[in-house]
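Structure first, commentary second.
Start at 1 with the first residue, then count along the sequence. Source: prediction; values computed, not measured.
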Amino acid sequence: MTAMQRIGLVGGGAMGRGIAQLFAGAGHDVAIFDAQSGAADAARDFVGSMFARAADKEKMTREDATSALSRIIACQTIADMAQCDIVIEAIVEQMAAKQQLFRELEAVVADGAILATNTSSLIISEIAAGCRRPERVAGLHFFNPVPLMRVAEVIAAVRTAPDVLATLRAVVEGAGHRAVSALDQPGFLVNHAGRGLYTEGLAILEEQVAPHDVIDRVLREAAGFRMGPFELFDLTGLDVSGKVLESIFAQFQQDPRFRPSALLPPRIAAGLFGRKTGEGWYRYNDDAPAPASPAS
């Protein structure tokens, strides 16, 4: 049985909320901090609504839902992470911001605490480079939506200690997810493989072979994919996936296979990020579980 850990989450967005839901539901105490005022409380409330929905669907008891929510606290300062055994950052996908956060965390957590990054494309070793103890830094990359995407990449930076990786794998698997070991290389495992889906989908659209909704439908109904590239863009967020495309392209020394599409920047500039903004490649109603209609 996995030992219970006190887990800190920095970042109350979609990923932070999902990770908090996963670990609180598995019995761990979870502390959430977000630099934006009120965001940590909002994240806790959102997770509470997910537990309540699970209870409504009889996927967990009311007592278990109440107990799971009671294990989550919203923190007011980063100093409230001091008692955490593992701290996972899920903030903006920017190297400087992550490096600065890890320096702040090292000033408050115990020497034995593990610092993990949920980055989807940045080099873990570079994030760890500014830390006093880089051996305790690793990648722990979940996928959105975290409770349903039952896999996480455990990524070793060059100086990550083996026991850190073992602890992260045990915690992930104890929560019912599969822990996949990956190297600190561009895109790790899943996003490296996924570049084919995104980049080829965008290339087909750029070449006007077919509209984006047709591309999605063919891949779903004929090729057996759970969703097409443009549906996946809207789920993960064009703003997030756009940065991943640029990062992987740069890390692969501008290999033409990974060239980002010129179709993305105008949509990102217009705020068409996908489901989280109500419009991306498709428009979404508040309760729409699937694309409602193509966005103009």
Side-chain angles (χ1 to χ4, degrees), residues 3-51 66-120 122 124 127-128 130-134 136-147 152 154-155 164 167-168 171-172 175 177 237 239-240 243 276:
M4 291 298 106
Q5 307 277 350
R6 183 174 178 83
I7 297 175
L9 266 301
V10 181
M15 294 306 298
R17 294 193 305 258
I19 298 168
Q21 180 182 340
L22 173 68
F23 285 127
H28 300 278
D29 290 331
V30 176
I32 305 176
F33 170 75
D34 194 294
Q36 183 178 346
S37 178
D41 290 301
R44 184 181 186 276
D45 291 343
F46 177 87
V47 175
S49 71
M50 293 297 99
F51 287 142
T66 300
S67 178
L69 182 59
S70 73
R71 289 191 284 271
I72 301 176
I73 63 169
C75 300
Q76 301 306 310
T77 70
I78 200 166
D80 294 330
M81 298 279 116
Q83 302 303 313
C84 292
D85 303 300
I86 301 170
V87 180
I88 305 166
E89 71 81 11
I91 64 170
V92 63
E93 192 75 345
Q94 294 177 359
M95 180 61 72
K98 293 182 187 294
Q99 289 177 326
Q100 176 61 31
L101 171 61
F102 274 48
R103 286 192 291 268
E104 294 175 8
L105 286 169
E106 278 208 306
V108 299
V109 301
D111 283 347
I114 294 172
L115 302 181
T117 171
N118 186 58
T119 182
S120 54
L122 300 179
I124 311 297
I127 295 173
C131 290
R132 177 171 49 85
R133 299 191 60 190
R136 61 155 157 205
V137 178
L140 186 59
H141 181 215
F142 291 91
F143 299 87
N144 188 35
V146 176
V154 178
I155 305 120
V164 167
T167 297
L168 292 176
V171 169
V172 167
H177 275 38
D239 55 331
V240 174
K243 287 185 174 66
K276 60 187 174 184

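Taken to the nearest 0.5 Å, the CD1 atom of Ile86 stands 7.5 Å off from the NE2 atom of His28. Rounding to the nearest 0.5 Å gives a distance of 10.0 Å between CZ of Arg17 and CG of Asp34. Rounded to the nearest 0.5 Å, atoms CG (Leu140) and CD1 (Ile88) are 5.0 Å apart. Expressed to the nearest 0.5 Å, how far OG1 of Thr117 lies from CD1 of Ile91 amounts to 8.0 Å. Considering CZ of Arg71 and CD1 of Ile7, their distance stands at 11.0 Å, rounded to 0.5 Å. Rounding to the nearest 0.5 angstrom, the gap separating the CG atom in Asp80 from the CZ atom in Phe33 is 8.5 Å.
Heavy atoms from other residues, nucleotides or ligands lying under 6.0 Å from CD of Glu104 number more than 12.
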| Should Glu106 and Arg133 be marked as a salt bridge (Lys or Arg N to Asp or Glu O under 4.0 Å) after you check the CA-CA gap, both sets of side-chain angles, and the distance that decides it? | CA-CA 8 Å; Glu106 278 208 306; Arg133 299 191 60 190; over 6 Å; no
| Under the side chain to side chain contact (heavy atoms under 4.5 Å, CB included) criterion, do His141 and Ile155 qualify, and how do the steps go? | CA-CA 8 Å; His141 181 215; Ile155 305 120; 4.0 Å; yes
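By the 4.5 Å heavy-atom criterion applied to side chains, Thr119 and Glu93 are counted as neighbours. Counting heavy atoms from C-beta outward, Leu105 and Met81 have side chains that approach closer than 4.5 Å. Between Gln83 and Asp29, the closest side-chain pair of non-hydrogen atoms is not below 4.5 Å.
When atom types are taken as modelled, the side chain of His177 and the backbone of Val172 share no donor-acceptor pair closer than 3.5 angstrom. Judged purely by atom type and a 3.5 angstrom limit, Asn144 has no side-chain atom pairing as donor or acceptor with the backbone of Met15. Put simply, the side chain of Arg136 never gets that close to the backbone of Val164: no donor and acceptor are under 3.5 Å apart. Checking side-chain atoms of Arg44 against main-chain N and O of Ile32 turns up no donor-acceptor pair under 3.5 Å.
Residues Cys131 and Val137 share a closest heavy-atom pair of SG-CG2, 3.9 Å. Between Phe51 and Ala24, the shortest heavy-atom contact is CZ-CB, 4.2 Å. Here the closest non-hydrogen pair linking Leu69 and Gly48 is CD1-CA, 3.7 Å. The nearest pair of heavy atoms linking Cys75 to Ala40 is O-CB, 4.0 Å. Closest approach of Ala74 to Asp41, counting heavy atoms only: CB-OD1, 3.3 Å. Contact record, Pro134 with Ala128: CB-O, 3.6 Å, taken as the closest heavy-atom pair.
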